[in-house]
There are 2 protein chains.
Amino acid sequence: MLCSMASHGQSTKLPGFQGADGSVVWMGKPRALEPLASQAVIVRADREEEIVGQGEAAEYCYVVVSGCVRTVRLMEDGRRQVGEFLLPGDMFGWEALEEHDFSAEAVTAATLRRYPRRGLELLADRDHELARRLRELSARKLRAGRERMLLLGRKSASERIASFLLEMAERTGAGDGSPIELPMSRTDIADYLGLTIETVCRGLTHLQRQGTISIERARIGIRDRRALGVAGCEALH
Amino acid sequence: MLCSMASHGQSTKLPGFQGADGSVVWMGKPRALEPLASQAVIVRADREEEIVGQGEAAEYCYVVVSGCVRTVRLMEDGRRQVGEFLLPGDMFGWEALEEHDFSAEAVTAATLRRYPRRGLELLADRDHELARRLRELSARKLRAGRERMLLLGRKSASERIASFLLEMAERTGAGDGSPIELPMSRTDIADYLGLTIETVCRGLTHLQRQGTISIERARIGIRDRRALGVAGCEALH
DNA sequence: CGTACTCTTGACTCTAATCAAAGTTGGTGG
DNA sequence: CCACCAACTTTGATTAGAGTCAAGAGTACG
């Protein structure tokens, strides 16, 4: 099971990333829960361990501190759809109703900060700033969701794969220089993109043969950012 | 363009449906905006008219009063993904960030109540109850989004079509007796399900030949609710 | 009554899934 | 340290499901 240990509020170091300029980027998200720090509990999960189960009463919400977490919806016959990959700084579970309608599983060994949802609700009633942040967060998730519907509904296999690499490059802050270190397996990628593992492999290989990326197991280097953008139908901006 | 007329707050009749027992069902949604009634403007849109454009500054949010509205995301090459169909009582646009990341178009001639988003934000700061309702609304949309990702990523064409019919039956309150009156074209359904119009037609025809549904243009009768549930991979509950 | 739609059906194609097998990699224990 | 095993990844051959192209059938409307 999940190994959790009370944090007495003193480990207030928030998760962050090295930005392109070397500064720490907080991503704006976990900040929102700072006022709840005293109610936080640190939770650790081993690789492949379930953190919350589909259909479970939604008592808690989480912030990923380290590692990678996936949200998963399962069908009776075993078909699986990965909803999102959560990286340090990402929150989940606060947007549940009575119960979680997905399960969350550790992709790699992960550390999370767990907050009581009830406390969050109560605090949001008093703290407009927090309430606003939650609304903004919802808006971002909804936007991401619409983007993903376009991907799942209308993009070809190779477009999905290119889009995925661009998304991960963006989120992990990998530039043309440093490669992306993918924490998840090909199976996870396939279930995220609505494809099979073989199609994901072939797509990656194809991009490699084109010279667009380099592959070294879980380490993907972007050699031609522009070509990848075109392959992923990136909107020009 | 959009034809709008100021409502002076006296037309406070809210949109509703006839429930199965004949009572009016408010769906809980437009209620949330009651305190903003004085800032509301009634907007009418003809069939196929754009209500908000993709990329447009998000000044307003809307409640559908009558008719049907679709949200659409478009790719440069014309591929289209319908995000959702909005029926009377449904809200949209409040969950935008700076700008709307989708366009909203009238499927049929429609009437909407338009509210300034700014006013909504300000009111939500003061009114916890409203803020809570907005959070709940977000949670519902996110949940629906995850369900749709499963549909788009993992369900077969016929499963998608069956799921769609069940969804519309549920939302319009059509039982085994009364048929569903679909307001949208086959093209819209295809773009909602990530399929082509031909595949949607064939899928419907197939269900008809099985005796599961009856088709009469836009009027679909459900003859075997159970079979439709199985075809749509309905989770047992 | 004819025109312009939308919807339906048919024939064929092609993308991605399936089935199968051969690399890789990493871990364990001799 | 090396051999073996299990899991994951990659590649290949074949199949099936949905897309594309094309044409016909209904309907609505002027």
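Within every chain, numbering begins at 1; the chains are lettered A, B, ... in the order of the sequence lines, protein sequences first and strands thereafter.
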#### Entry: Donor-acceptor contact below 3.5 Å, side chain E105(B) vs main chain V69(B)
no
### Query
Could R171(B) and E84(B) be called an ion pair, given the rule that one side-chain N must be under 4.0 Å from one carboxylate O?
no
### Message
Looking at Q208(B), is its backbone amide N or carbonyl O close enough to the side chain of R223(B) to form a donor-acceptor pair, meaning the two atoms are under 3.5 Å apart?
### Response
no
### Message
Can you tell whether the side chains of R80(B) and D188(B) come within less than 4.0 Å, N to carboxylate O?
### Response
yes
### Test item: T108(A) side-chain N/O and C68(A) main-chain N/O as donor-acceptor pair under 3.5 Å
yes
### Task
Produce a footprint string for nucleotides 7-21 of chain C: one letter per nucleotide, 5' end first; B if the base is under 4.0 Å from any protein heavy atom, S if only the sugar-phosphate is, - if neither.
SBBBB----SSBB--
### Query
Does Y192(B) have R148(B) sitting over its ring (NZ/CZ under 6.0 Å from centre, angle to axis within 45°)?
yes
### Message
What I want to find out is whether R217(A) reaches E181(A) closely enough, with some N-O distance under 4.0 Å, to be called a salt bridge.
### Response
no
### Task
Could you tell me from which nucleotide to which nucleotide of DNA chain D, 5' to 3', there is an atom under 4.0 Å from chain B heavy atoms?
dA18(D) to dT27(D)
